[in-house]
Structures are given as C-alpha cells and as structure tokens.
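What follows is one structure encoded as structure tokens, with my remarks underneath.
In what follows, chains are A, B, ... by sequence order, proteins preceding strands, each numbered from 1.
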Amino acid sequence: MKSAFKLRVLAVVKKIPKGKVLTYKEIARKTGRSKAWRAVGNILNKNYDPKIPCHRVVRSDGKSGGYNRGIARKRRLLAEERAEVGWND
DNA sequence: GAGCTGACATGTT
DNA sequence: CAACATGCCAGCT
C-alpha cells in the first residue's frame, strides 16, 4: 500500500467540493496520469474509506459508474448534493 | 515476481 | 444509434 499514485487519487477525490462531480479521466489528469483512469477506478474500487467521497466520481459518459457500497447509495448521495449527473438525458 | 482484474475511454463495426 | 473490440494504468492475488 502507500503507493503515491493511490494516495494522490484519494486526496483529489477527498478534495472534490460538495455538489461537484469529477470524471475518472479528470482525476487521472490531476494525478499526472491522464491515461490512468483505469487505475483510478481500480483504486477506488478496492479502497473502502468513508473519508473518500467516491460517489462524486463519475464516468466521462455522464453516467454513474459504480460504487463500493452499492450504486443506489451513490445515486442518493448525488441527488442530495444535486451533482450535475446526467441520469436522464 | 508475474499475471489477472477492473467503479474506464475511445475507436470501429 | 448501439454494441463490440482494443488500449491503457496501477493495484491486488
């Protein structure tokens, strides 16, 4: 553990302002690996941490993606924060 | 140490 | 327009 990349990704996700959502690609870009969104998703997937609002991370398609505690939870949190998620086209 | 896995993205068919 | 196929990266087994 303690890989710089992982910590960096988690840090960025933690810094996502309320009501805002970032795409995996954006996070990867911020972390310095614009093409590493794969790893970003993988990290969040394995990383169970209540301090990480992984629900604020969505796909570039504007879709929800997934969530470690269940996609339903993510949808509810986003609805609460009124994030700009394009559930409906 | 090597290979598999995955909450993705982009390009073609 | 939708589905399929390929490429990419790092973590995990």
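One cannot find a donor-acceptor pair under 3.5 Å joining the base of B:dA9 and the side-chain atoms of A:Y24.
Taking atom CZ of residue A:R29 and atom P of nucleotide C:dA10, one finds them 17 Å apart after rounding to whole Å. Regarding A:N45, its CG atom lies at a distance of 20 Å from the P atom of C:dC9, rounded to whole Å. One interatomic measurement links the two molecules: CG of A:N42 to C1' of C:dG11, which rounds to 5 Å at whole-angstrom precision. In this structure, A:E26 places its CD atom 11 Å from P of B:dA9, rounding to the nearest Å. Between A:I43 atom CD1 and C:dC9 atom C1' there is a gap of 9 Å when expressed in whole angstrom units. The CZ atom of A:R33 sits 10 Å away from the P atom of C:dC9 (whole-angstrom rounding). The nearest whole Å value for the distance from the CD1 atom in A:I27 to the C1' atom in C:dG11 is 16 Å. Atom NE2 in A:H55 sits roughly 14 Å away from atom C1' in B:dA7 (whole-Å rounding).
Using a 4.0 Å heavy-atom distance criterion, A:L44 is classed as a base contact. At a threshold of 4.0 angstrom between heavy atoms, the contacts of A:A39 include nucleobase atoms, whether or not backbone atoms are also involved.
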Yes or no on side-chain contact (heavy atoms from CB on, under 4.5 Å) for A:H55 and A:R76, after CA distance, side-chain angles and deciding distance?
-> CA-CA 9 Å; A:H55 65 269; A:R76 181 140 82 186; over 6 Å; no

Criterion side-chain contact (heavy atoms from CB on, under 4.5 Å) on A:Y24 and A:V58, from CA distance to verdict | CA-CA 6 Å; A:Y24 295 98; A:V58 297; 5.7 Å; no

Give the intermediate values and the outcome of side-chain contact (heavy atoms from CB on, under 4.5 Å) for residues A:L10 and A:D49.
-> CA-CA 9 Å; A:L10 297 175; A:D49 193 311; 5.9 Å; no

Under the side-chain contact (heavy atoms from CB on, under 4.5 Å) criterion, do A:Y67 and A:C54 qualify, and how do the steps go?
-> CA-CA 7 Å; A:Y67 198 58; A:C54 1; 3.9 Å; yes

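Of the residues A:T23, A:V13, A:L22, A:I27, the one that meets the side-chain contact (heavy atoms from CB on, under 4.5 Å) test with A:V40 is A:I27.
Closest contact between the side chain of A:K6 and the listed nucleotides B:dG6, C:dG7, C:dC12 involves C:dC12. Here C:dC12 is the nucleotide among C:dA10, C:dC12, B:dA9 with the atom lying nearest to any side-chain atom of A:K46. Comparing C:dC9, C:dG7, B:dA7 by their closest approach to the side chain of A:N68 singles out B:dA7. Comparing C:dC9, B:dA7, C:dG11 by their closest approach to the side chain of A:A36 singles out C:dC9. When the nucleotides B:dG6, C:dG7, B:dA7 are ranked by their closest atom to the side chain of A:C54, B:dA7 comes out on top.
For the pair A:W37 and A:N47, both in contact range of DNA chain C, the more 5′-proximal nearest nucleotide belongs to A:W37. With DNA chain B read from its 5' end, the first of the two nearest nucleotides for A:V40 and A:T23 is the one closest to A:V40.
Distances shorter than 4.0 Å separate none of the side-chain N or O atoms of A:R59 from OP1 or OP2 on B:dA7. When the side-chain nitrogen and oxygen atoms of A:S60 are compared with OP1 and OP2 of B:dA9, one or more of them lie within a distance under 4.0 Å.
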